[in-house]
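Let me begin by presenting the structure, written as structure tokens, before commenting on it.
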Number of protein chains: 2
Amino acid sequence: MASMLLSRQLTCCLQQNSRLLVFGHRYISQAAAKIDVDFDYDGPLMKTEVPGPRSRELMKKLNGIQNAEAVHFFCNYEESRGNYLVDVDGNRMLDLYSQISSVPIGYSHPSLIKLLQQPQNLSTFINRPALGILPPENFTEKLKESLLSVAPKGLSQVITMSCGSCSNENAFKAIFMWYRNKERGHNNVTKEELESCMINQPPGCPDYAILSFMGGFHGRTLGCLATTHSKAIHKLDIPSLDWPIAPFPRLKYPLEDFVKENQQEEARCLEEVEDLIVKYRKKKKIVAGIIVEPIQSEGGDNHASDDFFRKLRDIARKHGCAFLVDEVQTGGGCTGKFWAHEHWGLDDPADVVTFSKKMMTGGFFHKEEFRPNVPYRIFNTWLGDPSKNLMLAEVIKVIKTEDLLNNATHAGKALLTGLLDLQARYPHLISRVRGRGTFCSFDTPDDATRNKLITIARNKGVVLGGCGDRSIRFRPTLIFKDHHAHLFLNIFSDILANFK
Amino acid sequence: MASMLLSRQLTCCLQQNSRLLVFGHRYISQAAAKIDVDFDYDGPLMKTEVPGPRSRELMKKLNGIQNAEAVHFFCNYEESRGNYLVDVDGNRMLDLYSQISSVPIGYSHPSLIKLLQQPQNLSTFINRPALGILPPENFTEKLKESLLSVAPKGLSQVITMSCGSCSNENAFKAIFMWYRNKERGHNNVTKEELESCMINQPPGCPDYAILSFMGGFHGRTLGCLATTHSKAIHKLDIPSLDWPIAPFPRLKYPLEDFVKENQQEEARCLEEVEDLIVKYRKKKKIVAGIIVEPIQSEGGDNHASDDFFRKLRDIARKHGCAFLVDEVQTGGGCTGKFWAHEHWGLDDPADVVTFSKKMMTGGFFHKEEFRPNVPYRIFNTWLGDPSKNLMLAEVIKVIKTEDLLNNATHAGKALLTGLLDLQARYPHLISRVRGRGTFCSFDTPDDATRNKLITIARNKGVVLGGCGDRSIRFRPTLIFKDHHAHLFLNIFSDILANFK
């Protein structure tokens with residue numbers, strides 16, 4: 001343990017010396033109070049500790065009907081605006097977690113309020129259709145305005161779902177059908193297949209698998225959970241499937257000081273991927289697809305190089321496996337591109353890309369060859385919700401009009417630069433600063449320190465989220481600007497200076 | 001085949017002779033044009049065949065971005081009201097399918113319009129929270145007004161989800177955790193469990209199973225799909241789990257003529273359930289729970305007696321298995337009670353009851369002993385949607401104020417009586433008429449006849465749904481009244497009289 005701490009400090013010193021300005025004093029904001037989002041508040045305003053008395057009272061009530069121990073505090077969403085979340089005790093906090101990364105353009109955005117107030121939109125909110133059989137007149141048009149207007153290159157098809165888990169579950173299904181269809185040479189289905197599938201047996205239910213990575217998170221329903229390997233609490237006691245799990249690179253920071261080590265680490269992981277595909281095929285379990293997050297989010301914000309992902313894509317193609325990129329948390333613009341995997345510069349696009357959270361609706365894009373050739377195969381009652389598509393179309397309009405992808409790059413740079421400064425000054429508290437766009441994070445020495453920092457920050461008016469076993473992740477909205485970064489950095493600098 | 005047809009006709013003759021008035025002429029409505037739902041239309045109004053030219057044009061467009069072959073027609077939801085669905089070609093149809101049984105109080109209900117127009121509700125629709133960590137102030141209150149006000153007796157706990165599949169998936173997980181906790185004697189979790197679960201292996205991921213019934217439908221995500229056995233198209237090509245599948249009774253109609261045979265059939269199925277539990281335990285696969293629908297809906301509206309379910313509940317208790325009742329399609333009042341399983345008169349309540357569709361939000365009720373003892377175990381980003389809870393609270397108010405459960409009983413009786421009349425007159429087309437409340441159905445000779453009847457009915461202004469391999473199911477809204485039943489019966493009587 002002592003040697004681990006030592007090596008971390010060494011890493012930080014290296015980082016500090018190699019490229020950072022070292023301030024002898026606290027971080028000083030350059031433009032902390034600038035307001036360029038009209039409806040945003042101008043800063044945090046704290047009245048009680050958080051959770052306050054009203055939140056505690058409500059937590060007790062909720063705990064009577066469900067385990068409410070995960071609740072941080074209760075919110076007053078009517079008063080929440082822009083980047084600021086207001087709680088039921090009147091505390092106003094700068095929100096850098098945005099409902100586990102699921103609020104795209106801030107709270108109570110005027111464009112969405114206007115949308116709700118238009119009488120012609122009422123029907124969409126109260127008459128929820130079974131989209132697969134009785135879609136509304138504007139269904140295709142809204143999909144084109146929203147999802148298809150930001151579709152990853154080469155993926156012309158899209159299906160909507162109600163949440164992230166359902167998106168991955170159905171993406172797996174589309175992959176299994178595609179693979180089986182390939183395997184049976186697009187011939188007719190046999191009677192044996194039709195009968196055996198009804199009792200969960202092969203050949204109708206073939207022994208196919210999705211390869212996933214240790215540290216990945218892809219949802220919590222049984223299929224997804226077989227590919228999720230971030231925390232034991234998610235998986236304990238739930239039966240699972242014997243699907244292959246590859247190691248995900250564990251990069252050393254600062255990246256420029258560990259170029260060779262990191263290349264070796266990535267090569268080791270890729271080799272293991274190929275070995276697993278071959279090994280599982282030998283035991284008659286076919287890897288039909290590979291699922292990966294562009295940045296392992298729940299698992300601790302683990303990054304890999306663009307080169308790693310390009311090579312992974314090549315391996316998938318080489319072995320005839322579908323390449324599924326899970327953009328549930330990374331998608332929607334926070335990395336500075338609409339989809340994080342667009343940074344990789346793939347020659348051959350991903351086969352399937354799943355989304356949810358900031359996209360307001362779940363679902364997945366896919367190449368045309370993954371399209372089911374028969375109706376009702378990828379299907380459920382709701383297949384998403386047109387009211388979410390309607391709001392998403394508006395959100396995407398705002399993202400484009402307000403140039404929010406470039407904003408994420410810019411504000412992310414301000415945030416990352418500040419974090420690197422803080423790391424240089426508090427290497428015993430902050431290490432492995434990393435990020436793309438505003439999708440930033442750093443490590444703390446341990447779980448206890450991380451949680452303490454989050455609690456102190458919250459009481460100083462900043463909502464932060466944790467991930468992995470010791471990381472703090474930044475997941476602000478897309479209207480998080482440079483001045484919000486500076487505001488946070490000032491507050492956090494104070495916290496670190498006084499941390500005991 | 002000829003003998004099957006003959007025996008069906010014989011059954012129908014018996015039914016006809018034993019208890020039905022036989023009309024020599026077509027069914028005559030008693031009150032076909034009465035309007036007692038203010039915002040409802042007064043009848044169907046057809047302008048084109050369905051799908052009409054505008055629908056066909058839109059289907060072609062949608063088919064460019066996803067397989068749209070399941071689409072019946074495109075809808076004009078703004079113009080749809082009450083029991084009437086209006087399509088994009090201006091056709092107005094009496095809707096007895098209500099978006100696969102998911103519209104509780106009709107289209108464009110004035111109470112829901114008013115709800116949407118209240119400025120204080122705006123925030124709930126545009127600020128979707130991560131309910132498990134940052135719930136809105138009124139969260140518990142809205143759950144009490146809505147779900148908890150109709151909670152099945154003995155089930156004090158409720159968790160919301162985004163759809164039916166997620167509801168069953170998470171109910172399975174709650175059952176697995178409960179079972180494992182019992183098994184390990186509520187002791188601490190071992191290091192071996194924590195480590196093995198991360199790689200999908202026992203003991204951390206134990207070899208537990210959910211027992212389901214042939215013909216059942218519980219959703220289409222991988223865990224749910226292992227318990228779904230209604231149609232091959234749902235399951236083909238998707239890997240599954242070796243979980244036990246019991247036969248579901250296939251009752252003979254009219255019930256009063258086959259009392260003994262049906263009792264024997266139910267006893268046979270129950271015996272098989274016990275045998276499977278024992279057999280699977282012998283091969284070290286533990287049946288942690290049993291899932292069943294009160295009426296197998298997708299699988300063909302298969303009923304069993306209240307006694308069957310009471311005995312099944314006893315078997316579950318005897319073997320220490322959780323008893324999970326899937327009320328996704330049967331729940332919400334259409335059978336004349338809020339939950340179909342309330343008809344059974346159980347001494348010991350079900351352990352877990354799942355819901356979705358008409359409840360507008362997914363989720364499940366459960367006994368307190370199924371409550372996870374640690375936070376984050378049953379969890380995901382959204383955990384449902386407060387805007388759906390808000391609407392559900394209003395819907396339940398309407399159900400209570402307008403006495404819609406009694407209405408379902410009453411209107412259901414009008415519908416069922418009429419169907420029995422039609423069966424008596426057209427035994428070659430209609431058989432096995434059955435139902436509870438408005439949750440009615442009948443069999444047709446075969447798939448082709450069934451589909452033809454549905455198509456003709458649609459062109460005459462009535463939307464019907466199929467289920468199983470030859471059944472037509474009725475799933476009207478809760479504001480479907482006697483006069484709607486008579487209106488349908490008149491139209492359908494004409495169709496049968498002219499059917500070739």
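Protein chains get the first letters and strands the later ones, always in sequence-line order, with residue 1 at the start of each.
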Return the [atom1] to [atom2] distance between [X] and [Y], rounded to the nearest 0.5 Å.
X      : Y      : atom1 : atom2 : value
B:K231 : A:L194 : NZ    : CG    : 13.5 Å
A:Q157 : B:N63  : CD    : CG    : 8.5 Å
B:W382 : A:S165 : CH2   : OG    : 11.0 Å
A:C197 : B:H229 : SG    : NE2   : 10.5 Å
B:N380 : A:S356 : CG    : OG    : 9.0 Å

Could you look at [X] and say if it's the side chain, the backbone, both or neither that has a heavy atom under 4.5 Å from chain A?
X      : answer
B:M59  : neither
B:I126 : both
B:D87  : neither
B:F379 : both
B:E368 : neither
B:K357 : both
B:S196 : neither
B:S123 : side chain
B:L143 : side chain
B:T221 : both

Exercise for the section: Can you see which heavy atom on A:P375 is nearest to which on B:E69, and at what distance? Expected result: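 Nearest heavy atoms, A:P375 then B:E69: CD-OE1, 3.4 Å.
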For [X], is it the side chain, the backbone, both or neither that has a heavy atom under 4.5 Å from a heavy atom of chain B?
X      : value
A:M214 : side chain
A:L148 : side chain
A:I245 : side chain
A:S230 : backbone
A:N181 : neither
A:V189 : side chain

Handout entry: Residue among A:S55, A:S102, A:C75, A:G223 with most heavy-atom pairs under 4.5 Å to chain B
Key =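 When all of A:S55, A:S102, A:C75, A:G223 are compared, A:C75 has the most.
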Problem - Between A:G164, A:A226, A:P372, A:S156, the one whose heavy-atom pairs under 4.5 Å with chain B are most numerous - result: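 It is A:A226.
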Side-chain heavy-atom pair [X], [Y] within 4.5 angstrom cut-off:
X      : Y      : answer
A:L122 : B:Q117 : yes
B:T124 : A:Y77  : no
B:I133 : A:Y97  : yes
B:R220 : A:I378 : no
B:P136 : A:F74  : no
A:P239 : B:F172 : no
A:R128 : B:K388 : yes
A:L236 : B:M198 : no

Handout entry: Verdict with reasoning, A:I65 to B:T140, per side chain to side chain contact (heavy atoms under 4.5 Å, CB included)
Key = CA-CA 8 Å; A:I65 59 174; B:T140 311; 4.0 Å; yes
Exercise for the section: Decide, yes or no, whether a salt bridge links B:D237 with A:R377 under the criterion of side-chain N to carboxylate O below 4.0 Å. Expected result: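 So B:D237 pairs with A:R377 through a salt bridge.
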Exercise for the section: Output yes when B:E137 and A:R54 qualify as a salt bridge under the 4.0 Å nitrogen-oxygen rule, no when they do not. Expected result: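 Yes, this pair counts.
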Problem - Under 3.5 Å: donor-acceptor pair, side chain of A:N200, backbone of B:D242 - result: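 Absent.
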Handout entry: Donor-acceptor under 3.5 Å (B:E169 side chain, A:L222 main chain)
Key =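 Flag set: sc B:E169 to bb A:L222 pair under 3.5 Å.
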Handout entry: Working for side chain to side chain contact (heavy atoms under 4.5 Å, CB included), residues B:L134 and A:V71
Key = CA-CA 6 Å; B:L134 296 163; A:V71 170; over 6 Å; no
Problem - Those residues that, when tested against A:H72, pass ring-ring contact (aromatic ring centres under 6.0 Å, His included) (two or more places apart) - result: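 Not a single residue meets the ring-ring contact (aromatic ring centres under 6.0 Å, His included) criterion with A:H72.
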Exercise for the section: Mind ranking B:L225, B:N168, B:N138, B:L241 by heavy-atom pairs under 4.5 Å with chain A and telling me who comes out on top? Expected result: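 Most pairs with chain A among the choices: B:L241.
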Exercise for the section: For side chain to side chain contact (heavy atoms under 4.5 Å, CB included), just list the numbers for A:S162 and B:C166, CA-CA rounded to whole Å, side-chain angles, deciding distance to a tenth of an Å, and then say yes or no. Expected result: CA-CA 10 Å; A:S162 292; B:C166 285; over 6 Å; no
Handout entry: Any donor-acceptor N or O pair under 3.5 Å, side chains B:N127, A:S80
Key =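 There is no such pair between these side chains.
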Handout entry: Criterion side chain to side chain contact (heavy atoms under 4.5 Å, CB included) on A:I233 and B:V374, from CA distance to verdict
Key = CA-CA 9 Å; A:I233 196 85; B:V374 188; 4.0 Å; yes
Problem - Listed partners of B:E79 passing salt bridge (charged side-chain N to carboxylate O under 4.0 Å, His left out), at least two apart - result: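 For B:E79, no residue satisfies salt bridge (charged side-chain N to carboxylate O under 4.0 Å, His left out) once neighbours in sequence are set aside.
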